[in-house]
Asks: 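Have a look at the structure that comes next, please.
If you read the sequence from its start, that first residue is 1, and numbering goes on from there.
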Amino acid sequence: MNRQACVPQEHPVYNPLELQLRTPEINRLHETLTQWLWTGATGGFIKGSPRIGKSTALEMLANDLSTRTKNPIPAHMFTVPPRDRPTIRAIYRNLCISADIDFNKTRQINSDILMNDFYHFLMDKARQTESKQVVLFVDEMQRLHIDQIEVFAELHDIMAIRKVLLTVIFTGNDTECEELLEAIHKKSRRHIYGRFFTQTTDFKGITSHKSLRKCLQQYDTKRYPEKDGPTYTQAFLADEFNNGFRLASFSTEIWELYNIYKRELGLTAWGMKYFSSAINVLLVDYLPRYGVDEFSIEMMKRCIDVSGLHNSPVTCIEL
């Protein structure tokens, strides 16, 4: 019997954008963001390596921000698109698109109208939650031109007139942001640096055996459907799970193997994209076919290799 046939195609393990693991690093980032918001920060900068999990972390935390009195702080996620015109109007236009604001995309609407539409969108979020604070996450900031950052300063100033604090949190890939950050540090941009970039933090992936084990444990505990469905591990290994098997039991072997890759490739952390890809192949393809008793370092190595961790060409999964 094909075990995969029993698992619905919408299962999070099949859908990378739906698979969300709450790592210790995400919990640390939540504490950092909370500190920034509680102290009235107008902005901040989160940097990290590509594919480390920054965007997923922010998506998970966007609905989990609150004031000291536990009132929710609304947030909006905006990803700067690639290959766009480096203009003020382009950013306002894409902000409106990200907020599903209806406007005629074929017409040349000026930036003042677009700004006004997005400003009202943010103010509506504040009113709906009776909040005096709104967070705007700007992901992939390395794609911005220095002049476009003025957009976020303008939005901040306009909302401040209505006594609503807009906190803009930028995220970007560490090495790709260098040129933009150099421009921000120039004297002529001090108002930008002081407003948005005095608060900074690094975001890393899996950096310890403890962190890896906690991620594996979530496969053993998270359910789909959430209320009464089987755990992720149970969905693919029902008999084994019911007999006491847990994916987290392989944590030591997996961590020891990753350390070999870490030394060879000079890695500082295991990016969540590569980690989840490797574990999903193990859970969906290898273990159901060969059995949990046949788990080996060689099997796990094949899973890591096809995840793209070492940037090798994608190969077919050997089964």
Side-chain angles (χ1 to χ4, degrees), residues 1-8 11-16 18-28 51-53 56-57 60 204-265 267-310 317-319:
M1 178 181 176
N2 184 355
R3 302 199 204 190
Q4 294 186 32
C6 301
V7 181
H11 195 286
V13 170
Y14 288 144
N15 300 282
E18 298 295 330
L19 181 62
Q20 297 185 336
L21 305 177
R22 185 84 177 221
T23 66
E25 182 67 0
I26 291 177
N27 291 333
R28 185 198 64 78
R51 298 302 205 181
I52 208 72
T56 300
M60 294 176 66
K204 300 177 181 179
I206 297 173
T207 57
S208 68
H209 175 233
K210 180 180 179 181
S211 179
L212 181 142
R213 184 173 178 83
K214 285 184 178 296
C215 290
L216 292 177
Q217 286 174 336
Q218 291 178 66
Y219 281 88
D220 296 328
T221 56
K222 290 174 73 72
R223 297 179 179 274
Y224 184 83
E226 291 185 9
K227 291 185 178 180
D228 54 4
T231 71
Y232 292 2
T233 304
Q234 189 177 20
F236 295 93
L237 299 167
D239 292 341
E240 293 87 342
F241 186 89
N242 294 335
N243 287 328
F245 169 75
R246 297 296 182 269
L247 194 60
S249 64
F250 292 151
S251 65
T252 299
E253 293 92 334
I254 295 174
W255 179 248
E256 290 175 352
L257 176 60
Y258 165 71
N259 275 320
I260 296 175
Y261 283 87
K262 179 181 178 182
R263 290 190 294 270
E264 291 178 349
L265 303 176
L267 304 174
T268 58
W270 196 350
M272 289 305 298
K273 186 268 182 185
Y274 304 111
F275 168 80
S276 60
S277 293
I279 298 303
N280 290 354
V281 170
L282 177 68
L283 180 61
V284 174
D285 296 300
Y286 281 101
L287 294 180
R289 181 170 183 123
Y290 294 107
V292 298
D293 292 336
E294 295 300 317
F295 173 80
S296 65
I297 293 298
E298 182 59 30
M299 181 187 291
M300 191 64 223
K301 184 177 183 299
R302 292 177 182 177
C303 296
I304 292 177
D305 287 346
V306 299
S307 74
L309 181 65
H310 50 28
I317 301 172
E318 299 178 18
L319 291 176

Asks: So do Pro230 and Phe241 actually touch side chain to side chain, heavy atoms under 4.5 Å?
Replies: no
Asks: Is it true that atom CG of Asp293 has more than 12 heavy atoms of other residues, nucleotides or ligands lying nearer than 6.0 Å?
Replies: no
Asks: Please find the pair of heavy atoms, one from Cys303 and one from Tyr286, that lie closest to each other, and give the distance.
Replies: SG-CD1, 3.4 Å
Asks: Given side chains that start at C-beta, do those of Ile279 and Ile254 come closer than 4.5 Å, heavy atoms only?
Replies: yes
Asks: What side chain to side chain donor-acceptor pair (under 3.5 Å) pairs are there with at least one residue in residues 207-217, not counting sequence neighbours?
Replies: His209-Ser251, Arg213-Ser251
Asks: Listing request: all side chain to side chain donor-acceptor pair (under 3.5 Å) pairs with a residue in residues 253-262, at least two apart in sequence or in separate chains.
Replies: Tyr261-Asp305
Asks: Taking the six-membered ring for Trp, are Phe245 and Phe250 parallel (under 30°), tilted (30 to 60°) or perpendicular (over 60°)?
Replies: tilted
Asks: Output the distance between atom NZ (Lys222) and atom CG (Leu21), rounded to the nearest 0.5 Å.
Replies: 6.5 Å
Asks: Do you know which two heavy atoms are closest between Ile52 and Gly271, and how far apart they sit?
Replies: CD1-CA, 3.7 Å
Asks: What distance separates Thr252 OG1 from Leu212 CG, expressed to the nearest 0.5 Å?
Replies: 9.0 Å
Asks: Within the distance-only criterion (no hydrogens, no angle test), does the side chain of Thr56 pair as donor or acceptor with the backbone N or O of Gly53 below 3.5 angstrom?
Replies: no
Asks: Taking all atoms of both residues into account, what is the closest heavy-atom pair of Leu19 and Ser276, and its distance?
Replies: CD2-CB, 3.8 Å
Asks: Would you please name every residue forming a side chain to side chain contact (heavy atoms under 4.5 Å, CB included) with Arg22, sequence neighbours left out?
Replies: Ile26, Asn27, His30, Met60, Leu61, Asp64, Gln218
Asks: Between Asp220 and Thr231, is there a donor-acceptor pair closer than 3.5 Å when you use the side chain of the first and the backbone of the second?
Replies: no
Asks: Please round to the nearest 0.5 Å and tell me the distance separating atom CG of Leu257 and atom CD1 of Ile297.
Replies: 5.0 Å
Asks: Applying ring pair (Phe, Tyr, Trp, His ring centres under 6.0 Å), name anything that partners Tyr232, two or more places apart in sequence or on another chain.
Replies: His11
Asks: Donor-acceptor pair, Arg223 side chain versus Gly229 backbone, under 3.5 Å?
Replies: yes
Asks: Applying side chain to side chain contact (heavy atoms under 4.5 Å, CB included), can you list everything that pairs with Ser307, at least two apart in sequence or on another chain?
Replies: Tyr274, Ser277, Ala278, Ile304, Leu309
Asks: Atom CZ in Phe236, atom CG in Leu287: separation rounded to 0.5 Å?
Replies: 11.5 Å
Asks: What I want to check is whether the side chains of Tyr290 and Asp285 have a donor and an acceptor closer together than 3.5 Å.
Replies: no
Asks: Within a reach of under 6.0 Å around NZ of Lys273, are more than 12 heavy atoms found that belong to other residues, nucleotides or ligands?
Replies: yes
Asks: Please report the shortest heavy-atom distance between Met272 and Cys215, naming the atom on each side.
Replies: CE-SG, 4.3 Å
Asks: Kindly write out the residues that satisfy side chain to side chain contact (heavy atoms under 4.5 Å, CB included) with Ser296, not counting sequence neighbours, or none if the list is empty.
Replies: Glu298, Met299
Asks: Taking C-beta and beyond as the side chain, do Leu247 and Leu237 meet within less than 4.5 Å on heavy atoms?
Replies: no
Asks: Using the salt bridge (Lys or Arg N to Asp or Glu O under 4.0 Å) rule, take Glu25 and Arg28 through it: C-alpha gap first, then chi angles, then the decisive distance, then the call.
Replies: CA-CA 5 Å; Glu25 182 67 0; Arg28 185 198 64 78; 2.9 Å; yes
Asks: Is there side-chain contact between Val7 and Tyr224, with heavy atoms separated by less than 4.5 Å?
Replies: no
